[in-house]
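In what follows, chains carry the letters A, B, and so on, assigned in the order in which the sequence lines appear, proteins first and then strands, with residues in each chain numbered from 1.
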There are 2 protein chains.
Amino acid sequence: MALGTDYEQQDCALARALEVVGERWSLLIVRDAFYGVQRFNDFLAHLGIPRAVLTARLNALVAAGVLRKEPYRQAPLRHGYLLTGAGLELWGPLYQLSRWGGRHATAGGAHHLFAHAVCGADLDVVGSCPRCGGGPVPPAEVVMRPNPARTGGRWDDPVSRALVRPHRLLEPIASAAVPA
Amino acid sequence: MALGTDYEQQDCALARALEVVGERWSLLIVRDAFYGVQRFNDFLAHLGIPRAVLTARLNALVAAGVLRKEPYRQAPLRHGYLLTGAGLELWGPLYQLSRWGGRHATAGGAHHLFAHAVCGADLDVVGSCPRCGGGPVPPAEVVMRPNPARTGGRWDDPVSRALVRPHRLLEPIASAAVPA
DNA sequence: CCAATAGGTTCAATGAACAGACCAATGATG
DNA sequence: CATCATTGGTCTGTTCATTGAACCTATTGG
C-alpha cells in the first residue's frame with residue numbers, strides 16, 4: 001500500500017492486510033478473481049482500470065501470495081491469474097464488506113446475490129449456509145446470480161455479459177471459458 | 001475514494017463499500033474508533049497520519065454516515081468522533097480482514113486477541129463466540145488484549161499505552177478517558 | 001503481407017499524500 | 001497581566017501515485 005513511511009510499524013494485523021489488499025484496485029481485482037476472471041484483458045475490460053495500474057496490482061498480488069500465475073498457452077507464453085490458498089481465504093472479508101456495501105452504501109441493495117450451491121439457500125450475514133449449518137461456505141460452493149430487483153448496469157464486456165446468468169464462483173469466465 | 005471517473009458505475013456493492021472505507025487510512029481510523037479512540041489528537045498520535053489527511057478522512061467518514069461528531073465540551077467547542085449504526089456494522093468485515101492479516105501477512109501472528117466479554121472465550125474465525133453460540137458477537141461485548149506471544153511495538157502514544165492492558169471495544173480511551 | 005490478439009511498457013499531466021509551519025480560541029501558570 | 005499549553009485544525013511546497021493514451025513485441029489467421 002506504500003502508506004507513507006511508518007505504515008509497517010503499525011501494531012495491527014489489519015494494517016498488514018491493508019498493505020496487501022488495501023491499494024485502490026486490489027480488492028476489486030480479487031473479487032473478479034473469485035468471479036472466475038483469470039486473464040489480463042478480462043480484468044482490464046471488466047474493471048475499466050488503466051493498464052499500467054493493472055500490471056502493477058497483479059504483480060503486487062502475486063508477490064504477496066494472493067494470486068499466482070498459471071500458464072495456459074506456450075508460444076506466445078500466456079498466463080492467467082488464479083487465487084492461491086491465502087487468496088481464497090479472502091472470501092470471508094470480501095463477502096462481508098460486500099454485504100455492508102449493499103446495506104449501507106448502495107441505493108436499492110446489492111447487484112448480486114450469493115447462495116449455497118449444494119442446497120440453494122442464500123448465504124447469511126457471515127457467509128454461512130442457514131440451511132446446512134456449519135461454518136462459512138467455501139467459495140467453490142457458492143453460486144452468484146444477479147439480483148432481480150436491480151436492473152443491470154450499463155456495462156458491456158465479456159465478464160459482465162457472462163454474469164447475467166447464475167455462475168459458480170471460481171469457475172473460469174469469459175475468454176478463459178472459450179479456450180483458443 | 002475518487003477512483004478515477006467510472007468507479008461509481010461498478011455494478012458491485014463492494015465497490016460502493018470501498019468508496020466509503022477503501023481510502024488509504026479510512027479503515028485504520030474506523031479500527032481505532034472501535035478501540036475507543038474519539039479525539040482528533042488521539043487518532044493523530046496513534047496512527048501517525050498527516051493532520052490534513054486525518055481531517056479529510058474524518059469528514060468523509062462523517063459524510064458517509066460511518067462516524068458522527070459528538071460535542072464533549074463547549075467553549076471552546078470540541079467534539080469526538082463516534083461510530084454510527086452503520087459504522088458499528090463494519091466490525092464484521094474489519095475483524096475478518098484483521099484475522100486474515102494475522103494469518104497471512106504478519107510474521108508471528110496478530111498483536112491483539114479478541115474474546116467474548118460475557119464468557120471469556122476467544123472469538124472464532126467469523127467473530128462468533130464458540131462457547132455461547134449464536135451469531136457474531138457485537139463489538140460492545142468484545143474484549144481485546146495484547147497477544148502475549150508478541151512483544152509490544154515501539155509505539156508510544158496514549159492510545160498504545162492504554163492498549164497494553166485488556167480493553168473493551170468502544171469504551172473511550174486515552175484523552176477521552178481522562179476528561180478535563 | 002497485413003491485421004488482429006494478448007499482454008504488456010513508456011510517457012506527460014494530474015491529483016493526492018506528506019511533513020512541517022502556522023493559526024485561533026480558551027484556560028492555566030507565573 | 002503576559003505568557004504558555006491544549007485542542008483542532010488550515011496552508012504550503014514537495015514528492016509520489018494514478019490516469020489515459022500511445023507505443024511495443026510475439027504469434028497466429030486470412
Side-chain angles (χ1 to χ4, degrees), chain A residues 1-9 18-19 22-26 28-29 37-62 67 69-82 157-159 172 174-180, chain B residues 1-8 18-19 22-26 28-29 32 37-62 67 69-82 157-159 172 174-180:
Chain A
M1 197 171 185
L3 247 175
T5 51
D6 44 11
Y7 201 90
E8 292 156 20
Q9 294 162 51
L18 291 176
E19 270 179 30
E23 208 89 48
R24 262 174 164 61
W25 293 93
S26 301
L28 292 176
I29 292 172
V37 178
Q38 297 183 347
R39 298 193 183 180
F40 189 90
N41 278 341
D42 290 330
F43 284 108
L44 196 68
H46 187 230
L47 292 171
I49 180 178
R51 305 174 77 89
V53 176
L54 180 58
T55 303
R57 290 294 168 281
L58 287 172
N59 289 339
L61 288 170
V62 168
L67 299 178
K69 293 167 90 155
E70 187 79 4
Y72 65 85
R73 190 176 71 191
Q74 316 291 335
L77 180 60
R78 291 287 178 261
H79 40 251
Y81 295 87
L82 282 88
D157 63 273
V159 175
S175 320
V178 192
Chain B
M1 197 170 185
L3 245 175
T5 50
D6 45 10
Y7 201 91
E8 292 154 22
L18 290 176
E19 270 179 30
E23 207 90 48
R24 263 173 163 61
W25 293 94
S26 301
L28 292 176
I29 292 171
D32 273 18
V37 178
Q38 297 182 346
R39 298 192 183 181
F40 189 90
N41 278 342
D42 290 330
F43 284 108
L44 196 70
H46 187 230
L47 292 171
I49 180 178
R51 306 174 77 91
V53 176
L54 179 58
T55 301
R57 290 295 168 281
L58 287 173
N59 289 338
L61 288 170
V62 168
L67 299 179
K69 293 168 91 156
E70 186 78 4
Y72 65 85
R73 192 175 70 191
Q74 316 290 334
L77 180 61
R78 290 286 178 261
H79 40 251
Y81 294 87
L82 283 91
D157 63 274
V159 175
S175 320
V178 192

Item to check | Atom pair OH/CG of A:Tyr81 and A:Leu67 - distance to nearest 0.5 Å | outcome: 9.0 Å
Checklist entry - Rounding to a whole Å, what distance do you find between A:Asn41:CG and C:dG7:P? => result 5 Å
Next on the checklist: Please determine whether a side-chain nitrogen or oxygen atom of B:Arg73 lies at a distance below 4.0 Å from atom OP1 or OP2 of C:dG27.
Outcome noted: no
Checklist entry - Rounded to whole angstrom units, what separation is found between the CZ atom of B:Arg57 and the C1' atom of D:dG9? => result 16 Å
Checklist outcome for this item: Of D:dT19, C:dG8, C:dC18, the nucleotide closest to the side chain of B:Pro50 is C:dC18
Item to check | Between P of D:dT7 and OH of B:Tyr81, the distance in whole Å | outcome: 15 Å
Next on the checklist: In this structure, how many angstroms lie between the C1' atom of D:dA17 and the CD atom of A:Glu23, rounded?
Outcome noted: 9 Å
Checklist entry - Is a donor-acceptor contact shorter than 3.5 angstrom present between the side chain of B:Arg51 and the base of C:dG20? => result no
Checklist entry - Can you tell if the side chain of B:Leu44 reaches within under 4.5 Å of the side chain of B:Ile49, non-hydrogen atoms only? => result yes
Next on the checklist: For a quick test of reading the model: is some side-chain N or O of A:Trp25 closer than 4.0 Å to OP1 or OP2 of D:dA17?
Outcome noted: no
Item to check | Rounded distance (Å) that lies between atom C1' of D:dT10 and atom CG of B:Asn59 | outcome: 12 Å
Checklist entry - Are side-chain heavy atoms of B:Ile29 and B:His46 found at a separation under 4.5 Å? => result no
Checklist entry - For the pair made of CZ in A:Arg24 and P in C:dA16, what is the distance, rounded to whole Å? => result 8 Å
Next on the checklist: Protein within reach of the bases, or only the backbone? For nucleotides 24-30 of chain D, mark each nucleotide 5' to 3' as B, S or -, using heavy atoms under 4.0 Å.
Outcome noted: ---SS--
Next on the checklist: Under 4.0 Å, heavy atoms only, any strand: does A:Val53 hit a base, just the sugar-phosphate, or nothing?
Outcome noted: base
Checklist outcome for this item: Taken to the nearest whole Å, OH/A:Tyr72 to C1'/C:dG7 is 8 Å
Item to check | B:Tyr72 six-ring centre to B:Arg39 NZ/CZ under 6.0 Å and within 45° of normal | outcome: yes
Item to check | Any B:Gln38 side-chain heavy atom under 4.5 Å of B:His79 side chain | outcome: no
Checklist entry - Tell me: CZ of A:Phe40 to P of C:dG8, nearest whole Å? => result 5 Å
Checklist entry - If you check the B:Ala52 side chain, which of C:dG8, D:dC11, D:dT19 turns out closest? => result D:dC11
Checklist entry - Just to confirm, is there a sub-4.0 Å distance from OP1 or OP2 of D:dT10 to any side-chain nitrogen or oxygen of B:Thr55? => result yes
Checklist entry - Side chains of A:Thr55 and A:Phe40: does their closest heavy-atom pair fall under 4.5 Å? => result yes
Checklist entry - Taking the side chain as C-beta and beyond, is there a heavy-atom pair between B:Pro71 and B:Lys69 under 4.5 Å? => result no
